[in-house]
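Counting starts at 1 for both ligands and their atoms, in listed order.
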Amino acid sequence: MRLAGAIDIGGTATKIGIVAEDGSIVRRESVPTSLHGEPMAVVDAIVASLRPMLDAANVEKQSVSGVGVSVAGFLDREHSAMIHNANLPALHGFPLRRALEERLSLGCRLEVDSNAAVAAEYRYGAGRGSTRLLGVTVGTGLGGGVIIDGALLRYTGECAGDLGHIIVDHKGRLCTCGARGCLEAMVNSAALSERAGGRSVREIVGSARKGDELAVTALAETGWWLGLGLASLSPVFSPDRIVVGGGIAAAGELLLEPARASYRTHAHPEFREKTQIVGSSFEGWEGIVGAASLFLDPLA
Ligand SMILES: [Zn+2]
């Protein structure tokens, strides 16, 4: 079976793994992203984790086609460097593809994280069969990618733009971008945590499953804003399906049901009827599956 190495560099954690051609994750590890240090520190941490995985595949005579890299932020036209992300200053303008290729002695391909995530759902997950797929990932930030008739939408920063910064409440929380009430600021981990007395996302989801009222309400409120945001995005992309992934999606129906109810309240009647809202198939690992797909089953 063909394999690809995969790296998903996020604002908080970097996930690293080996993925098989059926989209299954063969090996995986998560390490903290070093946010403000030298870019080579980020590269060193990745190589230290991925090298043993590649060696193990080698020993078992499995062929690794290359290493796909999902990066939080916009990319340059050549897909050689990340050029815009307020949450990840260390990698700004750094020739990441070349640095990784030199250290790993394998071909590397870079993709915007929101594109990688939606590609994973489209190829192997909850997005299969969709003709107009919108994928959103909610965690430290909110990213979105769009696949129309099997092709990724690329019109700014090699992706569909910063969907998380549509403004849904002019009096809402201050966003990292400097604006107020962006969808991202209303639904990200920090917003959810604030609504639940400062607990972590993991704690909130765990408590909500046990019936903790404050945690359930915090997730419902977050879902309500998410549904409103998705309703606002729908006339632009006209999705037949929306897949919700990222750290917060671990809440499953506790987040999705309030999001669907809010969507049905706010969306144009056309979308209320036709657009399904579903959870990711990958429990937060969609980034590495999508990154590997750059070698295993690339999109147009
Ligand atoms: Zn913003």
inquiry  = For a distance under 2.8 Å, give residue and atom name for each protein N, O or S atom next to the Zn ion (ligand 1).
reply    = H165 ND1, C175 SG, C177 SG, C182 SG
query = By side chain to side chain contact (heavy atoms under 4.5 Å, CB included), which residues pair with E253, not counting sequence neighbours?
reply = L256, E257, R260
message = Regarding E194 and R173, does a basic nitrogen lie under 4.0 Å from an acidic carboxylate oxygen?
response = yes
request  = Under the ring-ring contact (aromatic ring centres under 6.0 Å, His included) rule, collect the residues that match up with H266, sequence neighbours excluded.
outcome  = W224
query = Is it true that a side-chain atom of E286 and a backbone atom of G246 form a donor plus acceptor pair closer than 3.5 Å?
reply = yes
message = Show the nearest heavy-atom pair for residues G5 and V64, with the distance to one decimal.
response = N-CG1, 3.6 Å
ask   = Hydrophobic clusters join Ile, Leu, Val, Met, Phe, Trp and Tyr when side-chain heavy atoms are under 4.5 Å apart, directly or via other members; which others share one with M1?
value = none
